[in-house]
Structure formats: C-alpha cells, structure tokens
Amino acid sequence: MTDTLIFDSDWLTPEQIQLDGKTINYLAAHDIQYVRHPVAAIQRLNVFVPAAYENGGTVNGYTHDTAPIFMPNTVGGYFPGPADDPTRTQWPNNAATIKQALKRGYVVVSAGLRGHTTVNESGQRVGQAPAFIVDMKAAVRYVKYNQARLPGNVERIITNGTSAGGATSALMGASGNAKFFEGALTSLGAAPATDDIFAVSAYCPIHNLEHADMAYEWQFNGINDWNRSQPVAGSMKNGRPKFESITGTLSANDQSLSADLKRQFCDYLNGLQLHDANGQALTVSPDGTGTFQNYLVQLLTDSAQSALDKGVDIHKYAGFTVTNGKVTGLDLKAYLTSLTRMKAVPAFDQLDLGSLENRLFGDATVLNRHFTSFSQEHTTVPAQLAETELVEAVNPLTYLTGKQSAKIAQHWRIRHGAADRDTSFAIPIILATVLQNQGQDVDFALPWDIPHSGDYDLGELFAWIDGLCQ
C-alpha cells in the first residue's frame with residue numbers, strides 16, 4: 001500500500017516572486033495532505049524552498065540540509081487558518097513574511113489549521129479545541145517524518161504566529177509530544193514522528209484563557225469606559241470584514257465583577273512564585289500593586305525610553321515623566337487610562353457566551369461553552385462548562401508549570417505591543433517569566449506604540465533566528 005504521507009520531491013516546481021525590486025526564485029509544492037484521514041479540506045500544507053538548494057547552492061550561509069524550517073500560521077481569533085502562500089492576497093495571509101523568509105534562505109512550511117467555524121463535508125463542526133493545535137502538531141510530524149525527503153533541518157523548526165496564532169505557536173513550543181493529544185492525532189492518521197520544536201516566535205499570544213479575565217481586570221479595574229472595533233455584518237471584502245467602532249461603560253454589576261476578578265488574579269499570580277532575573281519575587285498585593293506591577297512599569301519605561309532615543313514623542317500616551325532625555329517615571333494608571341480599556345467584563349469568557357473563545361470550547365452539538373468557573377457561576381444564559389482537562393490542555397502554562405509532561409522548546413521570542421489592549425500585559429509577562437525561571441532562552445519585549453499585531457519587525461525576528469541557527 002502506498003504511504004500517503006510520503007513527500008515526493010517531484011512535487012516541487014519552480015516559481016518566482018518580486019521583492020524589493022529583485023526576483024526571488026523558489027520551488028513550491030502546494031496542497032499536500034498531511035494526515036491520512038483528514039476531517040476537513042483545510043488540513044493541507046504548502047512547502048517553499050529557495051531555488052538555490054536544488055543545485056547545491058547556499059543562501060545566507062544555509063544549505064539544502066542546514067536551512068531552518070520556518071512554520072508560520074494564519075490563525076486569528078481561533079478561526080480557521082488557511083495554508084499560506086507568498087502570492088496569496090486573500091485575508092488572512094502572511095505573504096510578506098514568507099517572501100522575506102525565502103530571501104533569508106529558510107524552508108517555509110505553511111499548514112492549514114482548523115478553527116471553531118470549520119465544518120466537514122456533512123456540515124458538522126469539527127474545529128473546536130483542541131483541533132487547531134492537533135493540526136499544527138500533525139503538520140510538524142509530517143515534516144519530521146519526511147526529513148530525508150524534504151529540504152531543511154528538522155532539528156531547527158521554528159513556529160510563528162500572531163494573536164490566537166501566537167498562542168498556537170507558543171503551545172507548540174510548550175507541549176512537545178504531550179500525551180493529551182495522542183488520541184486525536186492517531187484518529188487523524190498523523191505521521192509516526194515527534195512534534196517538539198526548536199524555537200518559538202509568538203506575537204501577542206491570546207492564551208492562558210482560564211486566567212485571562214482575572215489578568216485583564218487586574219490591569220484595567222477602575223477604568224470603566226471601553227471602546228473597540230467589531231466586524232460589520234455582511235461587509236466581507238477579499239475575505240476580510242470591515243470594522244466599526246463601538247463604545248460602552250461598565251455597569252455597577254460589571255464593576256463589582258471586575259473587583260472580584262482582580263482579587264482572584266492576585267491569588268493566581270502569587271501562586272506561580274515568579275522571580276525576576278535578580279531573584280526578586282514578583283508578587284501582587286490585594287490592591288493590585290507590588291513587585292509584579294513594578295516589573296510591568298519597568299518594561300513599559302524601557303519601551304518608552306527606546307522610542308524616545310529614536311526621536312519619538314512618547315507623550316502620545318499619558319503618565320510618563322521625562323527628565324533630560326530620560327524616562328524617569330510612569331504613572332501606570334494614567335498610561336492605561338490613555339491607552340483605554342477595550343473589553344467589558346469578563347473580557348474573554350463572556351457571560352452571554354458571546355466571545356470567540358466561548359466558541360472555541362464548543363463541539364459538534366453545542367455552539368459555545370464557558371471555560372471558567374467564574375463565568376459559569378455568573379452566566380446570563382443557559383450554559384455548559386468546558387472540561388477542565390481540555391481548557392488546561394490548550395494553555396502553554398499547563399506544561400511549563402509541570403501539570404502535564406512535555407518537551408519544551410529551548411528558544412523563545414515573545415512580543416506584545418505596548419499599545420495592545422486585547423489581553424493584559426500580565427499574560428505575556430507570565431509566559432516569558434515562567435520560561436526564564438526555568439532556564440529557557442527568552443527574548444521578550446513590549447514594543448512601543450504597537451497595537452495587537454505581528455510580523456512588524458521581520459528583520460529583527462530573522463536576525464534572532466539566524467543567531468540561533470547559523
């Protein structure tokens with residue numbers, strides 16, 4: 001019987017793109033099935049290889065056998081993330097990222113991943129958690145299974161993603177070979193290989209969902225006006241909706257819930273027993289202050305100083321004191337007020353089951369579920385609570401804190417914009433600090449005036465990858 005998971009190098013055909021006025025020649029193989037028993041059409045991947053490797057050439061010091069394998073995803077909002085292409089124009093895409101990666105000499109593998117709106121041929125929903133990470137693991141296993149047939153070094157796989165895609169990338173790095181997913185991978189007919197990876201690039205990862213509401217209220221408690229953008233119904237163009245701004249003010253009940261969640265965050269954060277690089281414990285007192293908050297202030301101050309050194313007027317946001325060209329103080333509450341709250345209470349596990357994350361934890365028969373006991377207790381609609389084991393399984397911290405065993409990636413690059421309001425600054429800080437406390441190599445920053453977005457510093461990202469791989 002023919003093994004349907006064998007990659008055939010004859011599938012690679014010449015293609016080219018223009019980048020910065022120059023022609024980039026590469027080989028491409030499209031629409032490759034990466035599991036034996038797919039349940040949705042999206043479970044296919046694309047492979048792109050610098051053309052020089054076909055004839056024994058080098059690019060940026062890399063060869064056919066040594067090139068890093070870069071695996072970006074297009075997941076956002078836990079919607080389906082289609083396999084990408086350097087010529088793709090339909091949203092979502094990371095075409096510009098793939099072009100730059102090929103120029104840099106990387107082998108690029110982009111896999112299509114299921115999301116909460118994915119349905120099978122019968123119209124049945126098949127994309128709720130943990131589908132997104134199961135598919136990503138299956139794609140990595142496909143690459144490793146074909147290590148003798150695919151160009152690139154399978155010991156140098158780097159994942160990349162933004163928002164829910166950043167969470168996907170981070171979860172890949174934290175949950176290598178975790179047993180929880182074996183049943184789903186076996187059912188799909190994933191390749192008999194491992195799925196641990198070498199390095200993680202994660203932009204503003206929306207993760208740690210069972211504690212994200214607490215963290216959001218620790219940050220924004222007392223700031224009661226909110227504003228955000230939401231898709232306009234029926235406005236899709238080129239696969240992307242138009243957005244409109246909406247505003248609101250927290251009710252007295254919302255404010256009470258906010259205070260409750262803030263108190264819960266203090267208990268959660270202190271239970272992690274985090275410490276900074278100097279060994280100082282990072283804690284939060286009942287009023288929300290403490291060394292952890294001081295650490296956030298320092299990170300934001302560093303970000304502002306970096307911008308100020310480049311001639312940027314940092315007073316676009318309130319709260320900063322500047323003396324002789326140095327940022328000497330930050331009133332965090334003033335800064336957050338000028339930044340503005342984006343989400344109501346709770347931010348993620350909404351009481352009316354209205355969030356994308358609520359849909360993530362539905363299934364074929366139930367559209368959405370709560371995923372925290374807090375929201376289940378305060379729900380405003382009939383609701384079910386997702387299984388604790390499932391919620392924990394899609395949280396990178398589950399593996400990093402030892403609740404479940406996994407092989408953890410050694411190298412991490414985490415970016416969360418200093419103007420990002422989609423989740424609390426605490427969430428990426430916790431991720432980065434837990435990793436650092438465990439001895440992992442972590443490059444973490446809050447880039448100045450960057451909102452919820454990714455791939456905005458590709459030169460720096462790829463320099464980081466080259467520093468690890470060359």
Side-chain angles (χ1 to χ4, degrees), residues 1-8 11 28-47 71-85 87-94 109-143 145-146 161 164-165 168 171-172 180-193 195 231 233-234 236-241 353 356-369 384 386-387 390 393-394:
M1 178 182 292
T2 301
D3 187 345
T4 57
L5 296 184
I6 293 293
F7 180 83
D8 188 339
W11 295 341
H30 298 270
D31 204 31
I32 301 167
Q33 181 177 308
Y34 61 79
V35 290
R36 292 189 176 94
H37 314 300
V39 296
I42 199 171
Q43 293 172 302
R44 291 175 175 271
L45 58 76
N46 300 329
V47 177
M71 297 188 69
N73 70 72
T74 61
V75 173
Y78 291 102
F79 283 102
D84 211 354
D85 186 290
T87 63
R88 181 178 169 90
T89 57
Q90 187 175 13
W91 182 83
N93 76 78
N94 297 322
V109 178
S110 178
L113 312 180
R114 287 172 291 165
H116 56 75
T117 60
T118 302
V119 296
N120 61 17
E121 293 180 349
S122 302
Q124 184 181 48
R125 291 190 298 274
V126 293
Q128 287 84 0
F132 71 98
I133 191 64
V134 169
D135 286 356
M136 190 71 210
K137 286 176 173 289
V140 167
R141 291 185 177 200
Y142 178 91
V143 170
Y145 183 63
N146 285 287
T168 304
L171 185 54
M172 279 301 304
F180 179 88
F181 305 101
E182 284 298 334
L185 287 161
T186 299
S187 179
L188 287 173
D195 55 58
M236 299 293 288
K237 183 178 181 180
N238 193 29
R240 186 168 193 163
L353 293 174
L356 299 178
E357 290 78 18
N358 288 130
R359 288 201 169 199
L360 176 66
F361 292 104
D363 60 23
T365 59
V366 178
L367 181 61
N368 36 30
R369 286 188 173 90
Q384 297 179 9
E387 293 182 3
L390 171 61
V394 296

State the CD-CG distance between Q43 and L188, to the nearest 0.5 angstrom.
5.5 Å

What heavy-atom pair brings R125 and V366 nearest, and what distance separates the two atoms?
NH2-C, 3.5 Å

Considering only heavy atoms from C-beta outward, does the side chain of V143 approach that of M71 to under 4.5 Å?
yes

Would you mind reporting whether Q90 and P82 have side-chain heavy atoms less than 4.5 Å apart?
no

Under the 3.5 angstrom rule, does the side chain of R114 hit a backbone N or O of D135 as a donor-acceptor pair?
no

So does E182 have more than 12 non-hydrogen atoms from other groups sitting under 6.0 Å from CD?
yes

Name the one of V75, V119, T118 that satisfies side-chain contact (heavy atoms from CB on, under 4.5 Å) with P80?
T118

For the side chain of N120 and the backbone of A40, is there at least one donor-acceptor N/O pair under 3.5 Å apart?
no

Please report the closest heavy-atom contact between S110 and D84, naming both atoms and the distance.
OG-N, 2.7 Å

Taking the side chain as everything from C-beta on, heavy atoms only, tell me whether Y142 gets closer than 4.5 Å to I32.
yes

I need the minimum non-hydrogen distance between A164 and Y78, along with the two atoms involved.
CB-N, 3.4 Å

Is it true that atom CZ of R44 has more than 12 heavy atoms of other residues, nucleotides or ligands lying nearer than 6.0 Å?
yes

So OG1 of T117 and CD of Q128: to nearest 0.5 Å the spacing works out to 9.0 Å

A111 versus L45, closest heavy-atom pair with distance
CA-CB, 3.7 Å

Please tell me if the side chains of N93 and D85 come closer than 4.5 Å, counting only heavy atoms from C-beta onward.
no

Roughly how far, to the nearest 0.5 Å, is CZ of F79 from CG of L356?
4.5 Å

Please report the C-alpha distance between D3 and R36 in whole Å, then the side-chain angles of each, then the deciding distance to 0.1 Å, and finally whether the side-chain contact (heavy atoms from CB on, under 4.5 Å) criterion is met.
CA-CA 9 Å; D3 187 345; R36 292 189 176 94; 3.1 Å; yes

Between H116 (side chain) and G77 (backbone), is there a donor-acceptor pair under 3.5 Å?
yes

Side-chain donor/acceptor of R369 to backbone N/O of A386, under 3.5 Å:
no

Could you measure the distance from the CD1 atom of I6 to the OH atom of Y145? Nearest 0.5 Å is fine.
4.5 Å

What distance separates Y34 OH from M136 CE, expressed to the nearest 0.5 Å?
8.5 Å

Between the side chain of R359 and the main-chain N/O of N368, is any donor-acceptor distance below 3.5 Å?
no

Any idea which heavy atoms bring P92 and R88 closest together, and the distance?
O-NE, 3.0 Å

Side chain to side chain, F132 and T168, heavy atoms closer than 4.5 Å:
yes

So does N73 get a backbone contact from the side chain of N94, meaning a donor-acceptor N/O pair under 3.5 Å?
yes

Rounded at 0.5 Å granularity, tell me how far CH2 in W11 sits from CG in N46.
12.0 Å

Could you check whether any side-chain heavy atom of I42 comes within less than 4.5 Å of a side-chain heavy atom of L113, counting everything from C-beta outward?
no

Non-hydrogen atoms of L390 and P130 that approach each other most closely:
CD1-CD, 3.8 Å

